[in-house]
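Submitted below is the structure of interest, expressed as structure tokens.
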Amino acid sequence: MQPEIMSPTEPMNPSSDPSGSALQSEMDKRFEPSTYEQAWQRRWAESGIFRVEPVAGRASFCIMIPPPNVTGKLHIGHALQSTLQDLLVRLHRMRGENALWLPGTDHAGIATQLMVERQVEKEGTSRKALGREAFLERTWEWKREYHGNIREQLDLLGASCDWTRERFTLDEGLSKAVAEAFVRLHGEGLITRGEYMVNWSPVLETAVSDLEVETKTVQGKLYHVSYLVEGEPGAPEDTGERIVVATTRPETMLGDTAVAFHPEDERYAHLVGKAAILPLLGRRLPFVPDAMVDREFGTGLVKITPFHDPNDFEVGKRHGLPGISVIDKSGRMTAEAGAEFAGLTREVARAKVVERLRELGHLVKVEDHVHNVGHSQRSGEPIEPLVSTQWFCDVSGMAAQALAAVEDGRLRLVPESWDKTWEHWLANIRPWCISRQLWWGHQIPAWYTADGRTIVAHDEEEAVRLAGVASAAELSRDPDVLDTWFSSALWPFSTLGWPEQTADLATFYPTSVLITGYDILFFWVARMVMSGLHFTGEVPFAAVHLTGLVRDAEGVKMSKTKGNVLDPAELIGEYGADAVRFTLASLDSPGRDIPLNPEQIAGYRAFGNKIWNATRFALARIPEGARVRSSLDDLLPASLAAPERWILSRLAATAAEVNAKFDTFRFDEACNRLYHFFWGELCDWYIEMAKPALLGSDADRALRPRIGDVLLTVLDQALRMLHPVMPCLTEEVWQRLPGREAIHPETICLAPYPQGEPAWRDESVEIQMEAMIEAVTRVRALLAETGRERKVGLWTASPVLEVFLAEQQALFATLCRLESLEVRSRAFSTADGGPEDLVAGIGIKILGAKKGGDEVAERAKLEKEIEKLGAEIDRTIAQLADESFLAKAPAPVVEKRRAALAQMEDRRSSLRSSLAG
RNA sequence: AGGCCCGUAGCUCAGUUGGUUAGAGCGCUACGUUGACAUCGUAGAGGUCAGCGGUUCAAGUCCGCUCGGGCCUACCA
């Protein structure tokens, strides 16, 4: 089955594109990717071959792009992920599936809003001065201006997205999905509004989720403060007792309402019912026993600030303590902190409180103290735990579902070492704070009535109806927006039209695989899985391939401040998109970060050069009339000479392996297989073996029937196999192969992906050819080392191999550049001086006279080799004498050892006789 | 504090379910260019697989501990 052309056009030929590369019959000697890469990308886009019109009866394959920030720039990590996504989509497209790679962007609430805020501040105004409506209009303008950047950069990489299906998280369809999800979750009681302690960013002036808090270890101080203890209420006289509490945040003591100790701490049991007097403010702080207190830490007494510490908040709830807000949403002290401190920032207030405590003699001591402090991931300042009214989503039930999906295999994490982390996070998940005090985003679909009711509805019209009011004027909408990740969580199905039951949803959902970095496993992946299971009953993708982080050549994380950032666009400009893609794909080994070295990219550019030149050579030298053959019937191995049968067999084997590697997301191994097949087997061996026929006489050619067809066919399939990784080069080169129209009339993008023709597999020719290759290599080495005349004799005990060698005698001689070669039917006798060496069952004798060379060094080398071999022989003999080995090891293993021993002994005697001679 | 990953050639990394002479690329050395490719070819040097112990006929591979490096999660003020 061959994929149909989605949009019939003239056969693709960039030379018909005035701006594109000139596809001449002669290939330019110079390999220069920039001459054709972007031309092909334009050409593909124009012909619409990436627009998916699903064909019934075909398998579907779908990848959703992890939507980059709409106004962002693609970094090297995006390049890696996009390469892998494109690779898979191209592979499945070539397999004839309905293969969709859906592109899109994320509105990226905080990030985008901050950028526009900075922009308007440069103009001397501010977000607040502009007001919500005007500011949002500015943001939309900004979005429209930069929106195209992402596509440009994906195009640069050769990405085969279906841009007709592009989505944006704030577009109409996705906004409807967001409203629907919110309304449903609210209806199910999973979304609620309430006053709780949240992570507050004083810089951004919004709540953030637990995930957006980065714990940093900081060098701080531990302040020991003495409090006066007061007796029973109404007896305020000084009992003379002092207690000492330890704190890292003295400024919060202004909001203290209690002092806690461990219930079993005998030191403080007598304090029950008494109170401490808060210095500076004189407030009475009751003592409360609470198991949260660690008796070993500090003095075992903890000041309790219910409204500015998450633990204290819980303690406060348990003991019915009041809370006092002493820090406001901008991070400044409130009036309740006392006139002396009101209006000061947290930092200034801390210094002033300490100073006052010292003056009043309450400061016992100050110790250095290393501790962990939550910082806002986005803005960098310490998070202020604050009590405020927010919307929360109870995700515990969904988390259990997501946990189960990985456990029962509906969802596979690749590599699976992430399973435990997944489990740990989901098992300990807490309610998700989904409201943000921002403007850019999905405004929460909740309206409040004058009489204090909350109406959650899909839109204003519905809210008016549900509220039973005359008009929207009687309602006020919740000003907050949703966490960006709330809409991202719906991405795999909202992009396909959910909640409508669209054709796309039926065809492409659940999607096939998600490819993203492990850094957003919880932010995004887990939430997609949770919402996917909740809203659709299915996992949103069958597998998640988690890539490592791309680092610099030294393995250091890239960062702007370090100046070690590699820009994909620059790398593509220098080395070409295909080389960058090949490098990234071949470095993607599971569970590892990726050190990216430009030298390596240069190496893969050289691979491109190799492909270019191998094709150039083939096209220049193949016989007239040679064509790419598309089916086995056109190229039956029985009629071919051994080298042709060998390369076809290797081609088929490689295709089978490469398919298997791609299907298990082993991009690195697939790339390595392709690299070694093309460079090693095809160029280094097969093309060299083809030269005598291609460059020689008609008689030479007669010995190698259909050599041109074979070479073209192997090139065709090798290029097709490489196409998902190196799309531009393979298209540029493949278009020139005579007969490729029979594979696909238009483009390699839609040509079938080679699966490995089983009838081309030929194990015996592979064994024989491998023996010959080993022998050729050894002969070359012997000649290089000894500097003898290039005359060689070969002998083998295997009759089959002897026939083979006799047939390939001329070829063997050419490959070693020999003056003469004899294939003998009898072993080298001691009269000959014995064989020089013995590899793969082939005895080798250099028959030529000595021309020089360093005899001492040669002998030393031989001796070393014999010694090494001897040690191995002794080990093997001992092993074969070991009865438990013979009894317990499987028979084939024992046989293999015996055969190896015999071979090593043969080789040793060869080497010895060579040493003696 | 808990969890995860890593430690293999000068560098960056592969190494499937344990099978016995541990691989690749880059770098390095020698030789080779009228001939597809010097973005190349041929050959070569280079490793007690971090250490210790265990399981096994057999360990780079499985288990435990130690050392070294990285990351994630966590409410010790």
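Numbered from 1 within each chain, the chains take letters A, B, ... in sequence-line order. The figures here come from the full heavy-atom set of this structure, side chains too, leaving out hydrogens, waters and symmetry mates.
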Inset, instruction - For nucleotides B:A50 and B:U61, find the distance between their C1' atoms and express it as a whole number of Å. - result: 16 Å
Inset, instruction - Determine, for A:Lys661 against A:Glu669, whether the closest basic-nitrogen to carboxylate-oxygen distance falls under 4.0 angstrom. - result: yes
Legend entry - Out of B:A36, B:A77, B:G19, whichever nucleotide has its closest atom nearest the side chain of A:Asp294: B:A77
Inset, instruction - Quickly work out the A:Lys888 NZ to B:A59 P distance and round it to whole Å. - result: 14 Å
Inset, instruction - Report yes if the side chains of A:Asp256 and A:Ile304 come closer than 4.5 Å at any heavy-atom pair, otherwise no. - result: no
Legend entry - OP1 or OP2 of B:A43 under 4.0 Å from side-chain N/O of A:Arg780: yes
Inset, instruction - Looking only at side-chain atoms of A:Glu599, point me to the closest of B:A36, B:C26, B:U42. - result: B:C26
Inset, instruction - Among B:C37, B:C40, B:G44, find the nucleotide with the atom closest to the side chain of A:Trp679. - result: B:C40
Legend entry - Nearest-nucleotide 5' precedence on RNA chain B, A:Leu695 against A:Ser884: A:Leu695
Legend entry - OP1 or OP2 of B:A14 under 4.0 Å from side-chain N/O of A:Arg592: yes
Inset, instruction - Go through B:A14, B:G19, B:A36 for me and flag the one nearest to the A:Glu669 side chain. - result: B:A14
Inset, instruction - Kindly point out which of B:A36, B:C13, B:U16 is positioned nearest to the side chain of A:Lys661? - result: B:U16
Inset, instruction - Could you check whether the rings of A:Phe662 and A:Phe667 sit parallel, tilted or perpendicular, using 30° and 60° as the cut-offs? - result: tilted
Legend entry - Quiz item: A:Lys610 side-chain donor-acceptor pair to B:C37 base, under 3.5 Å: yes
Inset, instruction - Report yes if at least one side-chain N or O of A:Lys420 is closer than 4.0 Å to OP1 or OP2 of B:G3; otherwise report no. - result: no
Legend entry - Separation of atom CZ in A:Arg430 from atom P in B:U73, rounded to whole Å: 12 Å
Inset, instruction - Answer yes if the side chains of A:Glu212 and A:Ser209 hold a donor-acceptor pair under 3.5 Å, and no otherwise. - result: yes
Inset, instruction - Give a yes/no answer on whether the side chain of A:Lys691 brings an N or O atom under 4.0 Å of OP1 or OP2 in B:G35. - result: no
Legend entry - Nucleotide nearest A:Pro595 when distance is taken to its side chain, options B:C13, B:A77, B:A24: B:C13
Inset, instruction - Pick the C1' atom in B:U29 and in B:A36, then give their distance to the nearest Å. - result: 27 Å
Inset, instruction - Rounded off to whole Å, could you give me the CG-to-P distance for the A:Leu413 and B:C72 pair? - result: 18 Å
Legend entry - Rounded distance in Å between the C1' positions of B:G47 and B:C31: 26 Å
Legend entry - Spacing of the P atoms in B:C11 and B:U48 (rounded, Å): 13 Å
Inset, instruction - Quote, to the nearest angstrom, the P distance that separates B:C76 from B:A14. - result: 34 Å
Legend entry - Interatomic distance at P, B:G19 relative to B:G3, whole Å: 30 Å
Inset, instruction - Take the protein atom CG of A:Asp668 and the nucleotide atom C1' of B:C13, then report the distance between them rounded to whole Å. - result: 10 Å
Legend entry - N/O donor-acceptor pair under 3.5 Å between A:Thr247 side chain and A:Arg249 backbone: yes
Legend entry - Nearest-Å distance for atom pair NZ/C1', residues A:Lys216 and B:U73: 17 Å
Legend entry - From B:A14, B:G19, B:C40, nucleotide with atom closest to A:Arg666 side chain: B:A14
Inset, instruction - Please determine, for B:C4, whether a Watson-Crick or G-U wobble partner exists with both distances under 3.5 Å, and give it or none. - result: B:G70
Legend entry - P atoms of B:G18 and B:A58, separation to the nearest Å: 15 Å
Inset, instruction - Using a heavy-atom cut-off of under 4.0 Å over every strand shown, decide if A:Pro892 touches base, sugar-phosphate, or nothing. - result: nothing
Inset, instruction - State the pairing partner of B:G41; accept Watson-Crick or G-U wobble contacts with both distances under 3.5 Å, and report none otherwise. - result: B:C31
Inset, instruction - Using distance alone, with no hydrogens and no angle criterion, decide if A:Thr814 and A:Lys691 have a side-chain donor and acceptor under 3.5 Å apart. - result: no
Legend entry - Distance in angstrom units between A:Ile687 CD1 and B:G35 P, rounded: 17 Å
Legend entry - Per A:Asp309 side chain, nearest of listed nucleotides B:A36, B:A77, B:C57: B:A77
Legend entry - First encountered from the 5' end of RNA chain B, between A:Asp882 and A:Thr248: A:Asp882
Legend entry - A:Asp578 side chain vs A:Leu729 backbone, donor-acceptor pair below 3.5 Å: yes
Legend entry - Side-chain N or O of A:Ser417 closer than 4.0 Å to phosphate OP1/OP2 of B:C5: no
Inset, instruction - In whole angstrom, give the distance that lies between atom CG of A:Asn672 and atom P of B:A14. - result: 11 Å
Inset, instruction - Report yes if at least one side-chain N or O of A:Trp685 is closer than 4.0 Å to OP1 or OP2 of B:G41; otherwise report no. - result: no
Inset, instruction - Pick base, sugar-phosphate or nothing for A:Asn372, based on heavy-atom distances below 4.0 Å to the nucleic acid. - result: base
Legend entry - Nearest to side-chain heavy atoms of A:Ala781, which nucleotide of B:C5, B:A77, B:G44: B:G44
Inset, instruction - Select one nucleotide: of B:G19, B:A77, B:A36, the one nearest the side-chain heavy atoms of A:Glu688. - result: B:A36
Inset, instruction - Would you mind reading off the distance between A:Tyr227 atom OH and B:A77 atom C1', rounded to a whole angstrom? - result: 11 Å
Legend entry - Among A:Tyr575, A:Trp679, A:Phe678, A:Tyr675, the one residue meeting ring-ring contact (aromatic ring centres under 6.0 Å, His included) with A:Tyr604: A:Tyr675
Inset, instruction - Have a look at A:Thr215 and say if it touches a base, only the backbone sugar-phosphate, or nothing, with a 4.0 Å heavy-atom cut-off. - result: nothing
Legend entry - A:Asn613 side chain to A:Asn609 side chain, donor-acceptor N/O pair below 3.5 angstrom: yes
Inset, instruction - Have a look at A:Phe31 and say if it touches a base, only the backbone sugar-phosphate, or nothing, with a 4.0 Å heavy-atom cut-off. - result: base
Legend entry - Atom P, compared across B:C63 and B:U17: separation rounded to whole Å: 12 Å
Inset, instruction - For B:C62, give its Watson-Crick or G-U wobble partner with both distances under 3.5 Å, or none. - result: B:G54
